[in-house]
Amino acid sequence: MTNPVLVLNGPNLNLLGLREPEVYGSTTLAEIEALCRATATDHGLRVDFRQSNHEGVLIDAVHEARTAHRGIVVNPAGYTHTSVALRDALAAVALPVVEVHLSNIHRREPFRHHSYVSAVADAVICGAGAHGYQLALAHLARLIPQDR
Ligand code: DQA
C-alpha cells in the first residue's frame with residue numbers, strides 16, 4: 001500500500017470552532033479531518049492527520065514524512081510567522097508541500113503578512129476557510145507522481 005499524505009496542523013488549531021469563530025469559522029478540527037479524509041479518498045490518497053502545539057513535534061513529523069508520506073499539507077498556524085526551523089525541515093524533506101491558512105493572512109495584521117514557509121511551499125492557499133484544506137489536497141494530488 002502506498003504511503004499516506006501528511007496533513008499537519010500547528011498550535012491552537014485544536015481549538016477551532018471555539019477560537020475566534022469570526023476569523024477562523026465554526027468548523028472544528030475534527031470536522032476538517034473528516035473533510036480531508038473524504039477529499040483524499042476522492043483523489044486516491046490516504047491521510048495521516050495530525051495537530052501539535054509544539055514546534056519540535058511538528059518538525060519531527062516533517063522528518064518522519066521523508067520516508068513515511070508522499071506529500072504534506074501544512075497549516076503552520078502561529079509558527080508560519082516565526083519558525084525558521086519548521087521552514088528548514090520542510091525544505092530538507094524534498095516532498096511536495098502545500099501551505100494552507102483558514103484566514104486570509106494578507107488581510108490581517110501586518111505581522112501575519114510574512115510566512116517563512118511560503119518560500120519552500122509549492123502552493124499557498126489562504127482565506128478559503130476549511131475548504132482551503134480540500135483545495136490543498138486536490139492540488140497536492142496533482143503534485144504527487146501517480147503509481148502506474
Ligand atoms: C492561521 C493564520 C495564522 O496567522 C494564525 O496564527 C493561526 C491560523 C490560519 O489558518 O488562518 O493560528 O494559520
Side-chain angles (χ1 to χ4, degrees), residues 3-55 57-66 68-144:
N3 286 341
V5 298
L6 178 63
V7 179
L8 191 58
N9 294 281
N12 303 306
L13 294 174
N14 53 311
L15 297 179
L16 283 178
L18 303 170
R19 171 192 185 206
E20 301 179 84
E22 66 289 355
V23 177
Y24 298 114
S26 55
T27 310
T28 65
L29 194 63
E31 288 166 344
I32 290 177
E33 178 173 355
L35 273 179
C36 285
R37 291 195 188 285
T39 305
T41 302
D42 289 345
H43 292 279
L45 300 172
R46 291 182 303 124
V47 158
D48 181 6
F49 193 92
R50 303 197 200 171
Q51 187 273 332
S52 177
N53 294 321
H54 305 278
E55 190 172 13
V57 173
L58 295 167
I59 291 167
D60 286 343
V62 172
H63 291 182
E64 189 187 326
R66 200 169 60 80
H69 299 88
R70 304 166 77 192
I72 303 174
V73 170
V74 60
N75 183 348
Y79 290 134
T80 307
H81 319 295
T82 64
S83 183
V84 174
L86 182 60
R87 176 237 179 261
D88 287 350
L90 289 163
V93 296
L95 286 169
V97 173
V98 181
E99 176 184 354
V100 61
H101 301 281
L102 295 149
S103 63
N104 180 354
I105 56 176
H106 302 291
R107 207 160 70 173
R108 300 182 61 195
E109 304 95 320
F111 68 84
R112 295 186 204 274
H113 295 179
H114 176 257
S115 164
Y116 281 102
V117 170
S118 295
V120 297
D122 294 286
V124 182
I125 295 164
C126 73
H131 183 53
Y133 283 76
Q134 296 180 281
L135 297 171
L137 280 166
H139 189 63
L140 192 67
R142 299 177 68 139
L143 298 177
I144 292 172

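Computed from heavy atoms alone, side chains included, the values below leave out hydrogens, waters and symmetry copies.
Between the CD1 atom in Ile59 and the CG atom in Leu90 there is a gap of 9.0 Å [rounded to 0.5 Å]. Separation of atoms CG (Leu13) and NE2 (His101) is listed at 10.0 Å; rounding is to 0.5 Å. Atom NE2 of residue His43 and atom CG of residue Leu137 lie 7.5 Å apart, to the nearest 0.5 angstrom. Rounded to the nearest 0.5 angstrom, Arg46 CZ and Thr41 OG1 are separated by 10.0 Å. If you take CD1 on Ile144 and NE2 on His139, they are separated by 10.5 Å, rounding to the nearest 0.5 Å.
Side-chain N or O atoms of His81 include none that pairs as donor or acceptor with a backbone N or O of His113 at under 3.5 Å. Within the 3.5 Å criterion, the main-chain N or O of Thr80 finds no donor-acceptor partner in the side chain of Ser83.
Judged as a salt bridge (charged side-chain N to carboxylate O under 4.0 Å, His left out), the pairs with a partner in residues 109-121 (not counting sequence neighbours) are, in order, Glu109-Arg112. Note on residues 78-91: no pairs pass salt bridge (charged side-chain N to carboxylate O under 4.0 Å, His left out), not counting sequence neighbours.
For Thr27, the side chain to side chain donor-acceptor pair (under 3.5 Å) test picks out no residue, with sequence neighbours left out. With sequence neighbours excluded, the residues forming a side chain to side chain donor-acceptor pair (under 3.5 Å) with Glu64 are Arg50, listed by chain and number. Applying the side chain to side chain donor-acceptor pair (under 3.5 Å) test to Glu22 and every residue at least two apart in sequence or in another chain returns nothing. With sequence neighbours excluded, the residues that form a side-chain contact (heavy atoms from CB on, under 4.5 Å) with Gln134 are Leu35, Thr39, His131. Partners of Asn14 under the side-chain contact (heavy atoms from CB on, under 4.5 Å) rule, at least two apart in sequence or in another chain, are Gln51, Asn53. Residues passing the side-chain contact (heavy atoms from CB on, under 4.5 Å) test with Ala40 are Leu45, Val47, sequence neighbours excluded. Checked against side chain to side chain donor-acceptor pair (under 3.5 Å), Tyr133 has the following partners two or more places apart in sequence or in another chain: Asn9, Asn75. In terms of the salt bridge (Lys or Arg N to Asp or Glu O under 4.0 Å) criterion, Glu55 has no residue partners (sequence neighbours excluded). Scored by the side-chain contact (heavy atoms from CB on, under 4.5 Å) test, Ser52 finds His54, Val57, Leu58 as partners (sequence neighbours excluded).
Two residues are said to be in side-chain contact when any heavy atoms from C-beta on lie closer than 4.5 Å; Val93 and Ile72 meet this criterion. Counting heavy atoms from C-beta outward, Leu102 and Leu16 have side chains that approach closer than 4.5 Å. Under the 4.5 Å side-chain criterion, counting only non-hydrogen atoms from C-beta, Leu143 is in contact with Val98.
In plain terms, the two heavy atoms of Leu95 and Ala65 that are nearest each other are CD1-O, 3.3 Å. Pairing each heavy atom of Ala77 with each of Pro11, the nearest pair is CB-O, 3.3 Å. The shortest non-hydrogen separation linking Gly71 to Leu140 is C-CD2, 3.9 Å. For Val5 against His69, the heavy-atom pair with the smallest separation is C-CD2, 3.8 Å. Closest approach of Ala136 to Val73, counting heavy atoms only: CB-CG1, 3.9 Å.
Residue Arg142 places its CZ atom among 12 or fewer non-hydrogen atoms of other residues, nucleotides or ligands, all under 6.0 Å distant.
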Under 3.5 Å, which donor-acceptor pairs link side chains of residues 116-126 to any protein atom two or more places apart or in another chain?
{"from": "Ser118", "atom 1": "OG", "to": "Glu99", "atom 2": "OE1", "distance (Å)": "2.8"}
{"from": "Ser118", "atom 1": "OG", "to": "Ser115", "atom 2": "OG", "distance (Å)": "3.2"}
{"from": "Asp122", "atom 1": "OD2", "to": "Val97", "atom 2": "N", "distance (Å)": "2.8"}

Run the numbers on Ile32 and Phe49 for side-chain contact (heavy atoms from CB on, under 4.5 Å), then give the verdict.
CA-CA 10 Å; Ile32 290 177; Phe49 193 92; 4.0 Å; yes

